[in-house]
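Convention: sequence-line order gives letters A, B, ...; per-chain numbering from 1. Values below: every heavy atom of this structure, side chains too, minus hydrogens, waters and symmetry copies. Computed from a predicted model, the values in this text were never measured in an experiment.
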Amino acid sequence: MAKMIKLVSGDGAEFEVEEEVAFQSKIIKDIVADADDVIPLPTVSSKVLIQVIEYCRKHAAVNSFPLSPSSSAAAAASSSSSISYSKPVSDPALRAWDNEFVKLNNSSLFDIVIAANYLDIEELVDLVLETVADRIKGKQAQEIRRQFNIENDFTPEEEEALRRENSWAFQNN
Amino acid sequence: MVSVPRGDAEATMNRPRPCDSDMSTVFSLDLLANILDRVSDPRDRKSCRLVCHGFLRAEEIHRRSLRVLRLEVLPGLLRRYAAGLECLDLSACPALDDRAFSAALAAGAGQWRLRSVSLSRASGVGWRGLAALVDACPRLEAVDLSHCVGVGDREAAALANAAGLRELRLDKCLGLTDVGLAKVAVGCAGLEKLGIKWCLEISDIGIDLLAKKCQDLKELDISYLKISNRSINSISSLGKLEVLNMVGCSFVDDEGLQFLKHRNNSLRVINNTADVDSSAKPFEWNRLICFLSLVHALLQSINISRCENVTSSGLTSVIEGNSGLQKLNVGDCFPELASLFFSKLNDLKDSLTVLKLDGFQVSASSLKIIGLNCKNLAKIGLSKCQSVTDEGIFELVANCVHLTTIDLTCCHLLTDRALISIGDQCKKLRCLRLESCNLITDKGLECIGTCCSSLEEIDLTDCSLSSTAMKYLSQCSKLVVLKLGLCYMISDEGLVLLASNCKKLRELDLYRCVEITDDGLAAIAAGCKKIQKLNLCYCTKITDGGLRHVSRLEELRDLELRGLCHVTSSGIAKIAMGCRHLSELDLKRCNLVDDGGLFALAQYTENLRQINISYCSISGTGLCMLLGTLKCLQDVKLVHLSLVPIEWFEIALRASYEKLKKLKLLIGLRNLLSPLLIEKLHSRGCRIRWVEKPFAARR
């Protein structure tokens, strides 16, 4: 019989999940080790928690072990980058599922990644950030702002100075 | 890496409101930096910088290396990036001097984590600037001052305070003497890589102290120094030395090389070529080779090109002693290579991947032996091996099927049959050089085009090709570099074929392909959008219309338009407006181009670094505008500007003396320009070439 962990969302809803699913989150894994099996997550809403649990459930089924060993190995391997990536998802079926999972609007994606970051679910963070990065690639600044509804908080002088820097630096060969 | 989200619970309800999706406020700096890390294209990164303050901050903490092209933005940039920057390249920053450099370093005072700084050719930087650098950057490990000809002992003394220095390039720092070298040796005892090529004031004394103090040296370049055998004795004590370059050390002879015999076996590379026209006692290379073979069991790469006195037996010994040899360059030595040498290559059959025999008489049977012995060969150089025949190539490629690079420049005897052999066997071929193989025709390219789908680079200069060859070559969709200079018969049709499939083309050389017209350029502009380098010299049918097409090549950096007698300022203006990354432009003998063209360049091509406007119909105004406005301009050729009065030359050069590094002028001007101006130019490190050229057109 699988051990169940109870997660309580910000709006008070309770979700019971199998231990191995919950342990996709390193934070939860650590908390359960010290304390009891009811974990309040005040900053995560039900809607987001449902989606995160769905992800964890799918990935727990595929991976036998939680992610910590591989992510620390990846961290050790990449010395130059300040960001460490978890190992890429190798199973094509899982990758396809992931791609469907992230077909969400920006707002939902942001909520998920913030929750995943809070819960320290490295693969989910990677997945969403990669998706966001893809939505940035190939775009001009104005397009990026439009895509993500970002306000341009530069003064015209600042923007002009930045454009000049762009043309007079950063070029390779 | 856990951050507290700032959106409240309400915000995550079903109805998305615009302000909630603003990730620059909702995400922490770490997350934003993480996203930026995944955006690898530099252009995308530049766009991100402009989005909002949040993005800019994330980019700032993330950037590790920076290359600055203009002085004005240096302080601001360094202030922004000081906290994270590790590599700084200022070699292309014009008019950089001590004051500006020190001020820029002060902008990030206390934060610097710089490890590597390049000031190569930054001739305005001296000991004050270097002292400021060493002071500000406690983690400094690598400094490049190569070609700063004014650098001398005072600068070396400043560098000697950087105790953590590992890599130092002082090549062509002509002011450096033993005194300066000693200071560096004592102060930077952990030095691993040192280049003091051409520092002619260095003597045995300096090398001796260097060897005593810097025992960690792995790479040393002492080429062209006037050092004697004593230095080799000193160097032989460097137990960790892996790479030794001693090109043109004409005062070293066999006696000196004896010392290399008693070393530890860590030497990997020796580059030991003598001056070709050295009148000193001829270098006894055979003995050198013998010693090398005794000592260097771990040698990976040998370059002994241009050694007149090396004979086959010497080279044979090299191979005998070095079974791990990967790269062997024995080009331009002497004509004959005995067959023993070739059969000895069998000793290297597993390891040898690169073999260069430029300038040798290599027979077909020799090539057969190479083929049989070195099956792993990836690159072969047979440039100027004029006796190479189709049969020889056939024998070679029959066994060397892994070849990726074949250099057959000036192998005049080769015909299409050689290409057919190559196409049949070398499916992995990436680079093929056939310059001056005049017997090659379209038919030869048919096999290459069909079989060598990985082909990236091909040089067909001076081959007898027509547009039909382009039909075959266009099958090579990975083509990046294509040189068709002097292929007179290439026409627009060929360019259309090329543009239809070779979308990755970056370099296209159509020098003197006189049949090309504007229509051909239209096709290229439409199909080969990644072109960075384009040579259209003497393609005299091209007009402004053609240049309008070229202006659509947004990636264009290097454009050569010599002798285009129908092109006017209007065409140049279009180029200026369209090709904003233009860095090098050659307009020599475009006699219709006048001030209008220069005004446009001054206004739009901010990154222009090199220009040749010799023989153009420009006046003083245009010249002043160009030289005064373009901040990156470093290399200008101004021969025969007959409409420019001498006073205007003076004004224009005064306005730009701080940034110019190379200048080409008619010799008559030497006495007409003020001595003060010339002295000022020299003091900033500008090299002036005075030429004697007739005005008459060449054709």
Side-chain angles (χ1 to χ4, degrees), chain A residues 9-11 27 42-48 80-83 85 105-111 113-115 117-120 122 125-126 129-130 132-134 136-145 148-154 158-159 161-173, chain B residues 1-5 7 9 11-14 16-24 26-28 30-31 33-39 41-42 44-56 61-64 66-70 72-74 76-77 80 84 557 580-581 606-607 631-632:
Chain A
S9 77
D11 31 324
I27 294 292
T43 51
V44 185
S45 77
S46 301
K47 170 176 174 253
V48 176
S80 52
S81 165
S82 56
I83 316 287
Y85 301 129
N105 65 23
N106 292 323
S107 177
S108 311
L109 277 186
F110 296 166
D111 294 336
V113 78
I114 287 167
N117 196 21
Y118 177 66
L119 294 168
D120 204 355
E122 205 161 325
V125 171
D126 267 351
L129 292 185
E130 201 65 50
V132 173
D134 281 340
I136 289 177
K137 287 174 191 170
K139 292 193 166 72
Q140 302 283 349
Q142 180 58 11
E143 291 170 298
I144 296 175
R145 283 188 215 119
F148 294 106
N149 248 305
I150 299 174
E151 196 196 314
N152 181 0
D153 53 2
F154 289 124
E158 283 174 339
E159 205 171 328
L162 286 173
R163 282 191 198 282
R164 254 182 280 133
E165 281 179 4
N166 271 0
S167 55
W168 298 344
F170 315 115
Q171 286 181 29
N172 303 318
N173 66 261
Chain B
M1 223 188 72
V2 177
S3 63
V4 178
T12 56
M13 297 289 274
N14 289 332
R17 285 175 298 203
C19 58
D20 307 321
S21 316
D22 188 341
M23 68 179 182
S24 64
V26 151
F27 280 1
S28 71
D30 277 341
L31 275 183
N34 193 331
I35 295 173
L36 275 177
D37 200 31
R38 300 159 196 270
V39 176
D41 188 325
D44 290 334
R45 288 247 179 97
K46 286 191 197 185
S47 302
C48 285
R49 290 181 83 235
L50 296 173
V51 169
C52 62
H53 275 107
F55 270 59
L56 183 62
I61 67 176
H62 176 267
R63 178 167 287 280
R64 296 283 168 265
L66 185 64
R67 183 166 191 262
V68 184
L69 302 174
R70 285 247 220 152
E72 297 97 307
V73 290
L74 187 62
L77 280 173
R80 231 195 263 292
R557 289 178 208 280
R580 303 303 278 265
H581 293 290
E606 292 180 327
N607 291 320
K631 299 282 174 72
C632 293

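In this structure, chain A has a heavy atom under 4.5 Å from the side chain of B/Leu56, while its backbone stays farther away. In this structure, the portion of A/Glu158 lying under 4.5 Å from any heavy atom of chain B is its side chain and not its backbone. Proximity to chain A (any heavy atom under 4.5 Å) is shown, for B/Arg45, by neither the backbone nor the side chain. Only the side chain of B/Leu66 comes within less than 4.5 Å of a heavy atom of chain A; its backbone N, CA, C and O stay farther away. Only the side chain of B/Arg63 comes within contact range of chain A, judged by heavy atoms closer than 4.5 Å.
To the nearest 0.5 Å, the span separating CG on B/Leu36 from CD1 on A/Ile136 amounts to 6.5 Å. Atom CG of A/Asp134 is separated from atom CD1 of B/Ile35 by 11.0 Å, given to the nearest 0.5 angstrom. Rounding to the nearest 0.5 Å places NE2 of B/His53 at 13.5 Å from CD1 of A/Ile150. Separation of atoms CG (B/Asp37) and CG (A/Leu129) is listed at 10.5 Å; rounding is to 0.5 Å.
The minimum heavy-atom distance linking A/Ala133 with B/Val39 is given by the pair CB-CG2, 4.0 Å. Nearest heavy atom pair, residue A/Ala141 against residue B/Ser47, reads CB-O, 3.4 Å. Closest of all the heavy-atom pairs between B/Arg49 and A/Asn166 is NH1-OD1, 2.7 Å. Among all heavy-atom pairs drawn from B/Cys48 and A/Ile144, the shortest one is SG-CD1, 4.2 Å.
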Could you walk me through whether B/Arg38 and A/Asp126 pass the side-chain contact (heavy atoms from CB on, under 4.5 Å) test, one step at a time? CA-CA 10 Å; B/Arg38 300 159 196 270; A/Asp126 267 351; 2.6 Å; yes

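Interface check for chain B: of the options A/Glu159, A/Arg164, A/Lys139, the most heavy-atom pairs under 4.5 Å are formed by A/Lys139.
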